[in-house]
Amino acid sequence: MESQNNNLKGMVLRIERSSIHDGDGFRTVVFLKGCPLRCQWCSTPESQSFDIEKTAETVYGTEMTVDEVMKEVRKDSNFFFISKGGLTMSGGEILAQPDFTRAVLSSAHSECINTAIETSFYAPWETVRSVLRYVDTAYVDLKIFSSEMHKRYVGADNEIILKNLESTNEIDDDFRLVVRTPVIPGVNDSEQELESIGRFCSGLKHLHHSELLRYHKLGTATYAKLGRDYPLEGVEPPTLEQMEGYRDIVRRYVEKVI
Ligand code: SF4
């Protein structure tokens with residue numbers, strides 16, 4: 001096993017226990033703070049800056065060591081065992097703090113705690129590869145297929161994300177890949193976009209399933225608290241019927257779409 005610094009510090013936004021939305025079973029989710037992307041629909045704007053932020057009522061962000069995080073994670077090890085749950089690392093972008101992320105995941109892995117990550121894959125391949133060694137399930141966002149639209153709405157090119165997803169085909173280790181697409185009306189809900197995403201996913205050998213996430217406006221109040229404007233003001237969530245139609249498009253290429 002690789003040597004590990006349990007005193008390594010990372011910038012943590014918060015830790016949530018007993019989540020049922022971030023992987024199998026009951027999970028403890030460690031949200032890191034800091035993200036290089038700027039999705040216009042981001043529901044956690046407080047996770048974007050790498051610095052601690054303060055409003056009148058709340059402080060967003062705290063430095064924690066690997067040891068401190070693992071102490072929190074171990075509190076629910078019995079629930080993990082019963083529910084087939086475990087640890088999920090989320091963000092912000094976990095790959096923007098690769099050493100810390102790797103150290104926490106490797107620590108959990110060495111204790112036989114199931115591990116999942118939620119990430120955009122927006123990082124060099126070497127970083128992605130080194131983290132995936134300790135991951136059972138990777139939830140990766142493929143937000144927009146068109147490079148131009150990705151730049152406009154996410155703030156960066158998607159070339160590195162697509163390449164990293166393709167490079168997972170070279171990995172022989174056993175891990176599950178889940179590709180998630182948040183469906184944003186007027187941005188990526190066209191047949192062409194969803195077909196491109198489905199076709200691309202069909203070539204990923206580790207793909208377990210694809211997920212389409214319905215756009216929501218839950219984070220908008222936090223923009224106001226942080227004194228920022230919400231970029232997608234006026235955009236309404238798609239209906240459930242529309243979501244079913246989007247799912248049918250992706251299903252032309254991927255067997256299991258949730
Ligand atoms: S990648 Fe996630 S955390 Fe980063 S801006 Fe987009 S939605 Fe927000």
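Each ligand, and each atom within it, is numbered from 1 in the order the structure gives.
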**Complete:** With K33 as partner, the option from E53, E63, E93 fulfilling salt bridge (charged side-chain N to carboxylate O under 4.0 Å, His left out) is E53
**Prompt:** With a 4.0 Å cut-off, would you call R176 and D24 a salt bridge?
**Reply:** yes
**Prompt:** Does D67 pair with K9 as a salt bridge, N-O distance under 4.0 Å?
**Reply:** no
**Prompt:** What residues come within 4.0 Å of ligand 1, counting heavy atoms only?
**Reply:** C35, L37, R38, C39, C42, S47, Q48, G92, K143
**Salt bridge present between K217 and E236 (N-O < 4.0 angstrom)** = yes
**No-hydrogen, no-angle side-chain donor-acceptor test under 3.5 Å, E148 and H150** = no
**Prompt:** With a 3.5 Å cut-off and no angle check, do the side chains of N114 and R27 form a donor-acceptor pair?
**Reply:** yes
